[in-house]
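Numbering of ligands and ligand atoms starts at 1, following listing order.
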Amino acid sequence: MEIVGDEQYRCAGRKFHPEDTVVEVGGVRFGGGSFTLIAGPCAVENEAQICTIAERVKAHGAVMLRGGAFKPRTSPYAFQGMGAAGLELLLKAGNRAGLPIVSEITDAAQLPLFEKVDVLQVGARNMQNFALLKCLGRTDKPILLKRGFSATLEELLLSAEYIMSEGNGRVILCERGIRTFEPCTRGTLDILAVPVLKKLTHLPVIVDPSHAAGAADLVEPMCLAAMAAGADGLLVEVHDEPQNALCDGQQSVTSEAFRRISRKIKLMQTALKQTEGGDA
Ligand code: PEP
Ligand code: MN
């Protein structure tokens, strides 16, 4: 018998778990009223790059450091990431700056290398890699699950269900833009995904404006829109020499631009809190 409706989201569905889930890791909280800023380069490139960005984004309000070591690139000839050495550098940068780290895992065979990584990211290209999702469901690591470019919200939730039904309830969902007919931007940020997911699931929902926009100057307005839409946080690509970045430089904001974003986010947060308190 085909399972339809609320029944298919027996782990992720709000119907069966009305309270918001808060995912806590390394002193950082996702969900439950926090707004969590994750920042860092698309890819770890060398020690100076990742350590400098880590210090700067921490100073500007990030509470978690991102950096890809295994990069699933469209072309096999593009930079594929530093692999295990990249994870070591990310860890070093995170430790020095006092930031927990998140990095993308592309194959369950990499799991031993991710032992000290706080949050494991499943990228858009792997959202329906069910074998990987099931393996991650048997770990005790929080999973940042990104929406596939052509995945519906129902498919995203069912992918979360693959992880959760194996026993791992610590899933954070991420809207990162979908592929539409619009060629002016890399993707189309589905901002409606935020309130819709919030209705359907108790899991935290964050937004990655960088991959949706594909251009650094479009990142700030999408960050603010994500917060206004009710997201639980942001994942922002930051690089201080974007013209020399090995991956996604065109959409990476500088740490100075990240500082401005972070400041505006704080101001908005204060304003929204006041309205919740009945002042508006
Ligand atoms: C990334 O976060 O760098 C990334 C590859 O994202 P996505 O899987 O959303 O394309
Ligand atoms: Mn990227």
- Message: If you count heavy atoms of other groups shown closer than 6.0 angstrom to CZ of Arg73, is the number above 12?
- Response: yes
- Would you check, one step at a time, whether the test side-chain hydrogen bond (donor to acceptor under 3.5 Å, both in side chains) holds for His211 with Asp248? CA-CA 8 Å; His211 290 87; Asp248 286 349; 3.0 Å; yes
- Query: Does the pair Arg66/Glu104 count as a salt bridge with the N-to-O cut at 4.0 Å?
  - Reply: no
- Residue Glu182 excluded, over 12 heavy atoms near CD under 6.0 Å: yes
- Query: Around the Mn ion (ligand 2), how many protein N/O/S atoms fall inside 2.8 Å?
  - Reply: 4
- Task: Sort out the contact shell of ligand 1: every protein residue with a heavy-atom distance below 4.0 Å, listed by chain and number.
- Result: Cys42, Arg66, Lys71, Glu104, Gln121, Gly123, Ala124, Arg125, Lys146, Arg176, His211, Glu237
- Item | Joint hydrophobic cluster, Leu91 plus Ile105, side-chain heavy atoms closer than 4.5 Å | yes
- Looking at Phe149, is Arg179 sitting on its ring face, NZ or CZ under 6.0 Å from the six-membered ring centre and within 45 degrees of the normal? yes
- Item | salt bridge (Lys or Arg N to Asp or Glu O under 4.0 Å) partners for Asp20, two or more places apart | Arg14
- Glu115, CD: over 12 other non-hydrogen atoms inside 6.0 angstrom: no
- For Glu220, which residues count as a salt bridge (Lys or Arg N to Asp or Glu O under 4.0 Å) partner, sequence neighbours excluded? Lys264
